[in-house]
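Throughout, residue positions are numbered sequentially from 1 according to the sequence presented. Atoms within a ligand are numbered from 1 in the order they appear, just like the ligands themselves.
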Amino acid sequence: MTRYPKRLALMLVPLSLMAFVGWHHAPRNRLALTPPMGWNSWNHFYCNVSDSLIRGTADAMVSSGMRDAGYKYVVIDDCWQTSRDSRGTIVADTVRFPHGIKALADYVHSKGLKFGIYTDAGTKTCQGRPGTYGYEDQDARTYASWGVDYVKEDWCNAKGLNARVRYALFRKALDKTGRPIVLSICEWGSNQPWEWAPAIGNLWRTTDDIEDRWPSMLSNLDQSSQHSSVAHPGAWNDPDMLEVGNGGMTDDEYRAHISLWAMQAAPLIAGNDLRTMSEATRIILTNPEVIGVDQDSLGAQGILVQEPKPELQVWAKPLRNGSHAVVLLNRSEKADTISAELPRVGVHTDSASVRDLWAHREMRRVGGKFSVVVPSHAAIMVRITALLLATNT
Ligand code: GLA
């Protein structure tokens with residue numbers, strides 16, 4: 001062999017490796033580079049969706065400050081559709097959506113928001129409405145013509161179908177329209193989506209449906225956290241939508257819920273009635289410091305790093321500027337002290353500042369440890385920054 005091909009071969013190896021790494025990390029549609037934020041009708045309204053609900057929600061998204069806090073997708077879940085016409089085009093409920101879906105999408109866009117819709121990979125949706133099976137291209141074209149920016153695709157009535165194949169097919173149909181559309185895969189973690197969904201969807205459910213109860217929220221957290229290594233910009237584990245403000249948990253529990261979702265770089269899709277929410281709920285949903293952790297551009301999913309006692313946990317997430325978000329979670333029935341050891345959360349100096357992201361103030365720090373009393377069913381969320389780093393940034 002001559003010297004030239006050998007040199008060429010040596011150059012090709014790292015180049016091809018770089019190409020591989022680049023491909024893996026670059027989401028195909030360049031969407032959802034941080035976890036999607038928005039609102040979805042299902043958790044509060046179930047099938048009770050309508051034009052006036054969606055318009056009112058878009059208005060409230062703006063007037064409540066949620067849009068400016070980062071929430072942008074307004075998504076109609078199941079039950080907006082009733083049938084197909086003689087050409088196979090999906091038909092919206094004309095009583096509930098008298099102006100049609102395009103006019104509604106235009107309204108949502110006019111508020112500086114994005115518009116999302118729901119379908120199902122099978123023959124019917126979970127509520128028995130027409131599914132997209134066999135109509136993928138046609139539905140994708142219809143959605144694009146309406147101005148849809150986000151599609152959640154469910155997995156009911158899909159018996160015998162191959163999830164990876166069906167979701168890839170729909171992804172391709174969306175891409176063919178030329179409109180940038182986020183794909184939210186919703187097969188509840190039943191076909192190991194963490195193994196294939198990052199190349200197809202921008203987010204994929206890892207669990208069954210969340211319920212507005214503390215144990216359900218924790219169970220979704222625990223399941224989703226097993227797949228932290230696959231999350232990256234453009235591709236996120238989805239432990240399901242938020243229940244904040246729906247009434248089944250205390251405000252402490254809701255603060256823990258959104259803190260833990262932010263730690264997991266989970267999509268923040270509110271699921272309450274934005275038009276009538278309390279000021280306490282509004283403040284929980286729009287906390288800029290918590291949202292900042294969720295939306296951090298590093299895109300790492302936080303993990304459980306310490307469990308000093310059963311039901312007392314320390315979760316940590318590295319952030320782009322070198323600081324770390326930490327949640328001290330008390331899952332137990334009584335208040336208790338939780339200590340986080342700085343090296344275990346990724347901070348390798350005793351000289352660090354600790355900022356409480358709910359109280360919005362600096363906290364006292366103690367050597368190489370950080371201890372605080374956490375009420376029952378609650379979380380304390382902080383950002384820890386090595387002081388040298390703080391003076392440099
Ligand atoms: C499934 C999904 C839910 C919701 C309903 C609608 O249960 O997981 O999030 O979309 O269907 O029927």
*Distance-only side-chain donor-acceptor flag, T250 / D252, under 3.5 Å*: no
*Between S64 and R282, do the side chains contain an N or O donor and an N or O acceptor separated by less than 3.5 Å?*
no
*Have a look at ligand 1 and work out which part of C186, if any, has a heavy atom under 4.0 Å from it: side chain, backbone, both or neither.*
side chain
*Name the closest protein heavy atom to atom 12 (O) of ligand 1, giving the residue it belongs to and the distance to 0.1 Å.*
D78 OD2, 2.8 Å
*R96: what forms a side chain to side chain donor-acceptor pair (under 3.5 Å) with it, not counting sequence neighbours?*
N48
*Going by the atom numbers of ligand 1, which of them fall below 4.0 Å from some non-hydrogen atom of R205?*
8 (O), 9 (O)
_Contacting atoms of ligand 1, where contact means under 4.0 angstrom from a heavy atom of C126_ = 1 (C), 11 (O), 12 (O)
_Applying a heavy-atom cut-off of 4.0 Å, say which part of D154 lies close to ligand 1: side chain, backbone, both or neither._
side chain
*Could you verify whether a donor N or O on one side chain and an acceptor N or O on the other, from D149 and Y73, lie under 3.5 Å apart?*
no
_Out of W42, W188, W155, who is nearest to atom 5 (C) of ligand 1 when you count heavy atoms only?_
W42
*Determine the interplanar angle of the W261 and H257 rings, folded into 0 to 90°, and report it as parallel if under 30°, tilted if 30 to 60°, perpendicular if over 60°.*
perpendicular
*What is the closest protein heavy atom to atom 4 (C) of ligand 1, and at what distance does it sit?*
D77 OD1, 3.4 Å
*Given W155 and Y167, is the ring pair (Phe, Tyr, Trp, His ring centres under 6.0 Å) satisfied, shown in steps?*
CA-CA 10 Å; W155 190 240; Y167 283 104; 5.5 Å; yes
*Does at least one non-hydrogen atom of Y118 fall below 4.0 angstrom from an atom of ligand 1?*
yes
*Taking only heavy atoms of K152, which atoms of ligand 1 are found under 4.0 Å from at least one of them?*
3 (C), 4 (C), 9 (O), 10 (O)
*Determine the minimum heavy-atom distance between P36 and I269, stating which atoms define it.*
O-CD1, 3.9 Å
*Examine V382 and V372 and state if one hydrophobic cluster contains both, with Ile, Leu, Val, Met, Phe, Trp and Tyr joined whenever side-chain heavy atoms are less than 4.5 Å apart.*
yes
_Proximity flag D209 to ligand 1, non-hydrogen atoms under 4.0 Å_ = yes
*Any idea which atoms of ligand 1 are less than 4.0 Å away from a heavy-atom of Q127?*
12 (O)
